[in-house]
Each structure stands twice: as structure tokens, then as C-alpha cells.
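Working notes for the structure below.
In what follows, chains are A, B, ... by sequence order, proteins preceding strands, each numbered from 1.
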Amino acid sequence: MRVAVVAGTGGSALLCELAEDGSRPDDPVHVNDLSAAVAHYERCGQVRWVWASGAASYPALLRAGQRVARCHDVALAGRLLVGRDGQARADGQPGGAVTGPAPDRAASQAAQETLFEPADAAAPDLAGLLDALVTTHADQLRRIAADEHPARFALLVAAESAGGLVAAEMTSAGLPWRADVHDSLLAGLLGPRPPSVPAGARPARLAELAAQIDEAFGGRRVNPDSPGQLIRAFAADGVRVPSTRFSVLRDVDHPAARLLIEYKELARLHAANGWAWLDSWVSGGRFRPEYVVGGVVSGRWASRGGGALQIPKVLRRAVVADPGWVLVVADAAQLEPRVLAALAGDRAFAEAAAGGDLYLALAGAFGGDRAKAKVALLSAMYGGAGGEAGQLLGVLRRRFPLASQYVESAAQAGQEGHVVRSVLGRTCPPPSAQWRSLTEESGDPESSRDPGAGAASRARGRFTRNFVVQASAADWALVLLAGLRRRLAMISIPNGDVGAGPPTQSRDPAAAWAQGPHLVFFQHDEVIVHCPEPVVEPVLAAIREVGEEAGRLVFGATPVRFPLTTAVVNCYADAK
DNA sequence: GGTCGGGGCGCG
DNA sequence: AAAGCGCGCCCCGACC
């Protein structure tokens, strides 16, 4: 059953049960306590909540201690559909439509605008919002059903919506983070925490390195954070460097180069994940970033604040399970090449991907050299062709023609300005107007074409080449995540067996759902479950099952396996 | 005083 | 010569 919901003020809401096609047979019901109403429906059986945006609605429910099992997130679904159908343009020009404009879009367009325009917070027109929600949702169901592969697209919408639930829950639960461990890590590398005044004071080790760098430039004062100043300082010593990035400095013969490499590494840690980061982002033993579901065009997540998806490996030492709990870290091994194998239906390739080390299985085609197999595959997926890669690509093309053709035709489509789609139907953005005008063939073949046109065209080819793989891998990961979330919720905790339990001050007392094993991190092809020790086994079993299930749901019958490596650890740093 | 693009680098 | 994809965040320096 689907139930549409719009939240009112003070925990109230307007609800309405929907028919299968999304139509509304009954009048809406006003409830004073939404979380109680949600609890009631969740107890009674299978309900899918239809709401405008989980990111907007779900955190309040979680704060009230209430979880939902399933939802249809109209905002997330709408983005997937807009990506597929192209944005209708007011000027009547085609907007990159894939399947042509749907008839009678005007009404649903108006409903959507009502739904997402800023409402009057003091006196929201709940009935109007619910109408708009129900109309938009029904329109979405029709458009999903009209997809070339409706079941796949419906799976994508369901998984994306579930992603919205996971994201809110992970923010609420937080990633266990030991501020004391982080602090001593920083102190060990940078020196003790400098006093907050004067602001911007360098920690001891950085100040020392900066002084040594000045000295290495013969006493010239140089700001080591300024690439421009550094390039000029090197030039003054007769060393010409095109930039000051690591790969350049590594090969520079000057006493400052080595110091700069060390300085940059530590300065980066200090700036991005130093004490200021710790103060802003970690509280009560938890790091609580905000995740942006579908924030990357490929369907990968992005994050807002705290750089949650770029936590440096050295800081994994600070990610420690609560007493009586462990971290179960699961990582999809060689996900993207396996996804390519499944996408392309290349039999020889797929059989190599049936298990174990994929690159090793393919090494035979490359004279037994695993490293060469890896370079060839990464080049095929990323569009690299420099150096040795070109020749290895030739080998790949001969031995695994279908896998090669799959990415080649995606690249060609992109170069020609077309869009491409992931296995479940996420669509890449169309080229910009600027790209179109740049790459357009001029009517006069003799007139010189913009020299940037070829480069722009090839760049888009690399983007679409990579998109089909990266976005399909994201499809798989999202389905995995949704399935794992569902399974974790079904694991019950042996009563009173949860060790000392987590420090109570670090946990939201209402978060009863976080008393059991729950997701605390998701990074593209890797998840972390914070898990009470007594239920490690069922959690590992759930991970095994869901890995199988995700491959089957997303790719259907394929010999390709998507193995998950798991580690049960107290500290994230020990997982690899 | 603020914004914005580029350089650089963290993650996958 | 350009040079493998996708992000977020920091700092700098140019600019308003």
C-alpha cells in the first residue's frame, strides 16, 4: 500500500492512502502525531510512504524515534525522470529529450512547482500540497511504466528512494569517531595543537618546514601555500617547474622539493581534517556529515560539509566501534570492471569475472602479467590511451571484443552529442549549448574548425565511456545498500546481550532503531555497519545474501560475480 | 568586504 | 600536444 504524506506544523500531517495507480480513492486524513501514525502503518504491514522529499521529511521522524521501511521520494524520482526525458524548455526548443515530450505535461509541471515552491511555513496549505503530491506521484508512476525497461527503472527509483532513507539515517546515527585518537594523531604529525589565537598560526612542524623551505631558497621568504610564489622561487634558482604538484616536485632536483612535499602533505591534513574540522564536525563521539543522494551525475553520492567521502586513510584510525560493538566493513572487489563484464555480455570476459581476482583471471591474455591486465581495463573504462595503454587496449579489443565495443560505442555516442544510460536507466546529462556550438560542423568544410572542438568532443567521449560503467556500478551499489538496510532492520538483538553498550551521551535516546546493527558509512563501493558483537554472524550473512541479490536484480542472469570482501574490526584502519 | 576560478590533493 | 573518469574542500590571488 502507498500512503501519501505532507507534514504540517508541530508534528501534525495530512495523509492519504493511494490506489495502485497512484490515484486517490478516499479523502485525506489529518493526524496530530505523524510519527504515531507512521508507527501504526509500519506495524500493520507493507507500506510505501510517498513524500515530496525524504531529505526534508525524514530527519524529523528519526528524531521522534520513528523509522520507515520504504518510500517513494518524489524529488529524487523527479530528477531521474528529468534526466531521462530532458527538461522541458519554455521556448519550445528541444531540451535534449530522449523519448520525446510526454503529452499533457503542463498539469503535472504545475503540480510539481506547487510541491517544491517555498511554502508559507506559518500556515501551509496542506490540502493543496497533498493534491500536488498525489498528482505528481501518479504522473511519475505513469512515466516510470512508460520506460523502455519499466521494471529496471522502477527498481532504480525504489533504490534511489531507499538511498534517501539510508542517508538520513546515517546522518542521524553518525560514524563513530574518537576525537581523542584524532587529536593525538594530529599532534604526532604536526606538533601540539596551536592556541586558537593568533588565528591561522601554523603548528610547530609546519612552521619548522616553512622555515627550512625559506632557507632552501637561500633565505628568500616564500609562502609554501602559494604555487605562484614557489614557481618564481624555483625559477630564481634556475629550476623551471610547470607546477608545484607532487608528481612534478618528486622529480625536481632542488633542496626545497623534498621539504615541500612533506609540507604539502601535512598542510593538507591540517587544513582539511585538522583540529578545526574536528571541532566543527565531530560531537558526542560521532561524525555526522550530510549525504547528497544522487549528488554526482553518475548516481554516486556526494556529501555536504566535512568532506565525508574524502576522509584521508590516515584518519581511519579514529573510526572506532563503541564498546561491545564492532565495525563490519564490506567492500565490493574490483566493482567497475565486473560491472563492465556484466554490461557487455562478453562471455570470455564474464567467465573471467566469475570470481576471485578479476585482473589475475585476465592476465593470461596479457602474457600472464596482472598489472598489464589492470592497466588495459582501467584505460578502457577511463579512455586513457597514452604510453603502454594503447597497445594493451589492442590486446583487450582482440580478446574481449564485446567488452571493448561496449565502452567504445558509449564513447562514440558521447562524442556525437548523444546521451547514454546506466543499466537501470540513469541518464547522463546532455552536452551544454556551449559544447554544441563548439563542436558543430560548420557549413563550409574549408572554414577552419575551432581547434578546441576535437578536444571537447573527445572529452565528452571519455565522460560517456566512463559514465556507463560508473553509473551502472552506482546502480548496483544502491541496490546493495537498500537490500542491506532492509536486512539489517530484521536482525534482532539477543536481549541484554549488547555488552556495555554505547556511551549513552553519544546517542540520541529516541534512536531505538540504532540499538541494532545499522549502516554508518557508504562510499561508492564500500559500506560500514556498526554492529553489536552478538549479531556479527547474521550481519555477515546478510552481506553475503545481499551481494548475490544485487547482482541478480541489476544484471539478471550473468556468470559475473560481485564478491564483497568483509572485515570485522574495532577500528576502520584495520579493515584493509 | 565578498565572489570566483585555478591549483592542488583527498577519496572512489 | 595532450595526456584516463567522477567528486569536495582548502588556499591563493584576481577582481568587484
Side-chain angles (χ1 to χ4, degrees), chain A residues 200 202 206 222-232 241-250 260-261 263-274 276-277 280-281 289-316 331-337 339-340 374-390 392-393 407 410-411 414 420 422 426 428-429 451-452 454-474 477 521-527 572 576:
Chain A
R202 285 197 178 107
L206 287 181
V222 178
N223 178 355
D225 292 318
S226 167
Q229 289 186 29
L230 289 172
I231 287 172
R232 286 191 293 277
V241 290
S243 79
T244 60
R245 51 163 53 103
F246 171 73
S247 57
V248 170
L249 290 179
R250 199 181 42 196
L260 269 171
I261 287 170
Y263 175 88
K264 280 164 156 291
E265 195 179 330
L266 293 176
R268 157 103 199 159
L269 179 67
H270 178 241
N273 298 97
W277 182 92
S280 342
W281 293 106
E290 239 182 278
Y291 297 92
V292 185
V293 175
V296 181
V297 288
S298 64
R300 282 183 169 186
W301 291 12
S303 66
R304 197 161 31 220
L309 303 181
Q310 297 95 230
I311 298 168
K313 288 186 172 169
V314 58
L315 288 187
R316 292 181 181 184
D331 184 306
Q334 305 161 339
L335 177 59
E336 293 195 351
V339 163
L340 173 57
K374 184 172 178 176
V375 168
L377 265 176
L378 294 179
S379 306
M381 292 187 298
Y382 291 159
E388 197 186 14
L392 296 176
L393 275 175
V407 284
V420 294
S422 73
R426 191 185 303 266
C428 82
S457 179
R458 285 190 298 277
R460 181 166 167 84
R462 287 193 301 277
F463 165 62
T464 51
R465 169 198 294 270
N466 183 249
F467 182 94
V468 291
V469 178
Q470 188 184 109
S472 299
F521 194 58
F522 169 54
Q523 186 176 33
H524 313 315
D525 61 359
E526 177 180 12
V527 297
Y572 187 22
K576 281 190 182 169

Margin query: So A/F467, base contact, sugar-phosphate only, or nothing? Heavy-atom distance under 4.0 Å.
Written below: nothing

Checklist line | A/K374 with A/E336: basic N within carboxylate O range, under 4.0 Å | finding: no

Margin query: Can you confirm whether A/K264 is buried at NZ, in the sense that more than 12 heavy atoms of other residues, nucleotides or ligands lie under 6.0 Å from that atom?
Written below: yes

Note to self: Does the protein touch nucleotides 5-16 of chain C at the base, only the backbone, or not at all? Give it as B, S and - per nucleotide, heavy atoms under 4.0 Å.
What the structure shows: BBSBBSSSS---

Next item on the list: Considering just the side-chain nitrogens and oxygens of A/K313, establish if one lies under 4.0 Å of OP1 or OP2 belonging to B/dG12.
Entry: yes

Notebook entry, point to check: By side-chain hydrogen bond (donor to acceptor under 3.5 Å, both in side chains), which residues pair with A/R460, not counting sequence neighbours?
Noted result: none

Margin query: Once ring pair (Phe, Tyr, Trp, His ring centres under 6.0 Å) is applied, do any residues pair with A/Y382, and if so which ones, sequence neighbours excluded?
Written below: none

Check: Counting side-chain heavy atoms from C-beta on, which of B/dG8, B/dG10, B/dC9 comes nearest to A/S243?
Finding: B/dG8

Next item on the list: Sequence neighbours left out, what passes side chain to side chain contact (heavy atoms under 4.5 Å, CB included) with A/A302? Give chain and number order.
Entry: A/V292, A/V296

Margin query: Over all strands shown, is A/R460 touching base, sugar-phosphate only, or nothing at heavy-atom distances under 4.0 angstrom?
Written below: nothing

Item checked: Interatomic distance at P, B/dG7 relative to C/dA3, whole Å -> 14 Å

Next item on the list: Please identify each residue that fulfils side-chain hydrogen bond (donor to acceptor under 3.5 Å, both in side chains) with A/D225, with sequence neighbours left out.
Entry: A/Y263

Margin query: Is it the case that the side chain of A/T464 and the backbone of A/F467 share a donor-acceptor pair, with hydrogens and angles ignored and the cut-off at 3.5 Å?
Written below: no

Check: Are any of the side-chain heavy atoms of A/L269 and A/P312 separated by less than 4.5 Å?
Finding: yes

Notebook entry, point to check: Which part of the nucleic acid does A/I311 contact within heavy-atom distance under 4.0 Å: base, sugar-phosphate only, or nothing?
Noted result: sugar-phosphate

Notebook entry, point to check: Stems in DNA chain C: runs of 3 or more consecutive Watson-Crick or G-U pairs, distances under 3.5 Å?
Noted result: B:1-12 with C:5-16

